[in-house]
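Worksheet: the structure to be examined is printed underneath.
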Amino acid sequence: MCSTNSTTEHPIYDATVSKVGAYENCTVRLKGWLYNKRSSGKIIFIILRDGTGIIQCVASVNGIGQDEFEKLDKLNQESSLIVEGVVKKDPRAPGGYELEVKNYYIVSEAFDDYPITLKEHGIEFLLDNRHLWIRTPRQRAILTIRAQIVKACRDFLDKEGFVNVDAPILTPSACEGTTTLFSTDYFGEKAYLSQSGQLYNEAAIMAFGKVYCFGPTFRAEKSKTRRHLIEFWMVEPEAAFMTFDEMLVLEENMVTYIVEHVLANCQNELSEIGRDPEKLSQVKPPFPRITYSDAVDLLKRNGVDISWGDDFGAADETAIAKEFAKPVFVTHYPTKIKAFYMQPTPGDPETVLGADLLAPEGYGEIIGGGERIYDYHLLLERIHEHNLPLEDYEWYLDLRKYGSVPHSGFGMGIERVVAWICGLGHVRETIPFPRMLNRLRP
RNA sequence: UCCUCGAUAGCUCAAUGGCAGAGCAUCCGGCUGUUAACCGGAGGGUUGCAGGUUCGAGUCCUGCUCGAGGAGCCA
């Protein structure tokens, strides 16, 4: 990267912590924040954070002079600064490289009461200080993995020929009429925040064939568990002519692609959060498939008090997923516990062509999807059965009037996937600024 | 909405019904290879709020507020 046969001119390279290994014995300039420091009289170790990583910078009185040394020694945690120095390989330094400081500039000196110290903190305090908490290496790693998961979703679907057609956030009515929605005023008319882009996707596939929407979703439910956020992100692929079985294959290929992408690109981040990649590398197609009926039998054998027709609780999902090392599909749910648009199973109208994908290790449902009703008359019947306001679904019924085709789609919850891949105990760390019951700030 | 647990220094936590404490952070001082550095010193409190019992309440009782975990709910 740089030549070591130095002339009288010593070039200074702008670098980042993550790339510093390429500049061994060269002078580089790093821009970042003071994460921590350790001082020992005439030598000081500055731990610099620049967003790409953390590096130890060593400054001595001999190297930068008494005045500059004392100024640096008094610098507060999280002060922003620019450091110039020589990159040295040193096994004593965390990360294997350190910077021998030749020069530094303080950009902004931080106040002396930065709340997030390097000691332990409680979750309430950390969430109150989420705007600062995201600076810590662990949170940076999780959110970096999230970004890579999002990228992998888009890369995979683009590669498979899906077109990104986003659905509106402001909608005139509930997509399903089941869940509690946030309402807002739309110039005198009531509008709701989207809980799914699926119905709009179904319109879009008749124009593009294969589409996906990717955006935030809002549920005004008073859910208070490790798997729930009030505002979360979903990617929802939908394709014309795609059968139920083809959809399952698409799902397992997408999940596998995401896991492989993270394993290939986020080694440092996985190691930072202490996630064992071994468990993830087992995720390869095909994923096991179990029908709802067989899942009920499995639970009964394990002593769970459940009868056919009951929906699964979180503990049930965990018990089912525990039987498998890979994500598992639960298919053919009872018609009455699924949404109105689900296509009945041929020859078995009591169940539908719907499937949930349950993540391993107790992370529960990460995908829900299925084949949609494409017959006009059946769909109309279901809308009546569910007492849905017909006027809100007229455009949706139009899709069955003008060139309807069999089609399928699914929705994947990004935060639950991030929680699973990162091995986290709660989805609140998987999104930059979580919106939860009792928490709207910061 | 329900169940369980919790709230004491900026943070994490101690304190048998009997003087309000420690570590970290902050401030002052020391130390030329530290690894959440270490060593010495200082400042820092309406014990979530409102009542009650008691000679005496951080501690026991009642109500409330806030939070956490879970349930219900939830493609």
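Order of the sequence lines sets the chain letters (A, B, ...), proteins ahead of strands, with each chain counted from 1.
For B/rU65 and B/rU12, the P atoms lie 23 Å apart once the distance is rounded to whole Å. Nucleotides B/rU8 and B/rA14 place their P atoms 10 Å apart, quoted to the nearest Å. Distance noted for atom P between B/rC61 and B/rA25: 37 Å (whole Å). Taking atom P on both B/rC39 and B/rU53, the two are 49 Å apart, rounded to the nearest angstrom.
With hydrogens and angles left out, the side chain of A/His228 and the base of B/rC74 share a donor-acceptor pair within 3.5 Å. Donor-acceptor pairing under 3.5 Å, judged by distance alone, is absent between the side chain of A/Glu221 and the base of B/rG72.
When the P atom of B/rC5 is taken as reference, atom CD of A/Glu124 falls 19 Å away, rounded to whole Å. In this structure, the OH atom of A/Tyr114 is 16 Å from the C1' atom of B/rC24, given to the nearest Å. Atom-to-atom, CZ of A/Arg439 to C1' of B/rG67 comes out at 8 Å; the value is rounded to the nearest Å. Rounded to an integer number of Å, the gap from CG of A/Asn438 to P of B/rU65 is 12 Å. A/Leu99 has its CG atom 16 Å from the C1' atom of B/rU34, to the nearest Å. The nearest whole Å value for the distance from the CD1 atom in A/Ile123 to the P atom in B/rG67 is 14 Å. Separating the CG atom of A/Leu127 from the P atom of B/rA68 is a distance of 7 Å, rounded to the nearest angstrom. Atom CG of A/Asp310 is separated from atom P of B/rC73 by 10 Å (rounded to the nearest Å).
Pairing for B/rA7 is with B/rU65, a Watson-Crick or G-U wobble pair whose two hydrogen-bonding atom distances lie under 3.5 Å. Base-pair partner of B/rA42: B/rU26 (Watson-Crick or G-U wobble, both distances under 3.5 Å). When both distances must be under 3.5 Å, the Watson-Crick or G-U wobble mate of B/rA71 is B/rU1. Across the strands present, B/rC55 finds its partner in B/rG18; the criterion is a Watson-Crick or G-U wobble pair with both atom distances under 3.5 angstrom.
If you check the side chains of A/Asp245 and A/Thr243, you find no donor sitting under 3.5 Å from an acceptor. Using modelled atom types and a 3.5 Å distance limit, the side chains of A/Gln198 and A/Glu238 yield no donor-acceptor pair. Side-chain contact, A/Asp310 with A/Ser307: a donor N or O sits under 3.5 Å from an acceptor N or O.
Counting non-hydrogen atoms under 4.0 angstrom, A/Glu100 reaches nothing in the nucleic acid. Within 4.0 Å of A/Lys224, counting heavy atoms only, lies at least one base atom of the nucleic acid. Within 4.0 Å (heavy atoms only), A/Arg372 reaches no atom of the nucleic acid at all. When heavy atoms are screened at a 4.0 angstrom cut-off, A/Glu120 is found touching base atoms of the nucleic acid. Residue contacts shown for A/Asp112 are limited to sugar-phosphate atoms, with no base heavy atom under 4.0 Å away. Nucleic acid contact for A/Phe45: base, since at least one base atom lies under 4.0 Å from a heavy atom of the residue. Nucleic acid contact for A/Gly413: none, since no nucleic acid atom lies under 4.0 Å from a heavy atom of the residue. When heavy atoms are screened at a 4.0 angstrom cut-off, A/Pro94 is found touching base atoms of the nucleic acid. Heavy atoms of A/Gln77 sit nowhere under 4.0 angstrom from any nucleic acid atom. Residue contacts shown for A/Ser223 include a base, since a base heavy atom lies under 4.0 Å away.
Put simply, A/Arg92 has no side-chain N or O that comes within less than 4.0 Å of OP1 or OP2 on B/rU32. Here A/Arg227 does not reach the OP1 or OP2 of B/rC73: none of its side-chain N or O atoms lies under 4.0 Å away. Taking only side-chain nitrogens and oxygens, A/His121 never comes nearer than 4.0 Å to OP1 or OP2 of B/rG10. A sub-4.0 Å separation between OP1 or OP2 of B/rC27 and a side-chain N or O of A/Asn76 is present.
Ring orientation note: the planes of A/Phe156 and A/Tyr257 are tilted relative to one another, at an angle of 30° to 60°.
Taking the six-membered ring where the residue is Trp, the centroids of A/Tyr292 and A/Trp308 are separated by under 6.0 Å. Aromatic rings of A/Tyr393 and A/Tyr341 (six-membered ring for Trp) have centroids beyond the 6.0 Å cut-off, not under it. In summary, the aromatic rings of A/His332 and A/Phe244 are positioned with their centroids under 6.0 Å apart.
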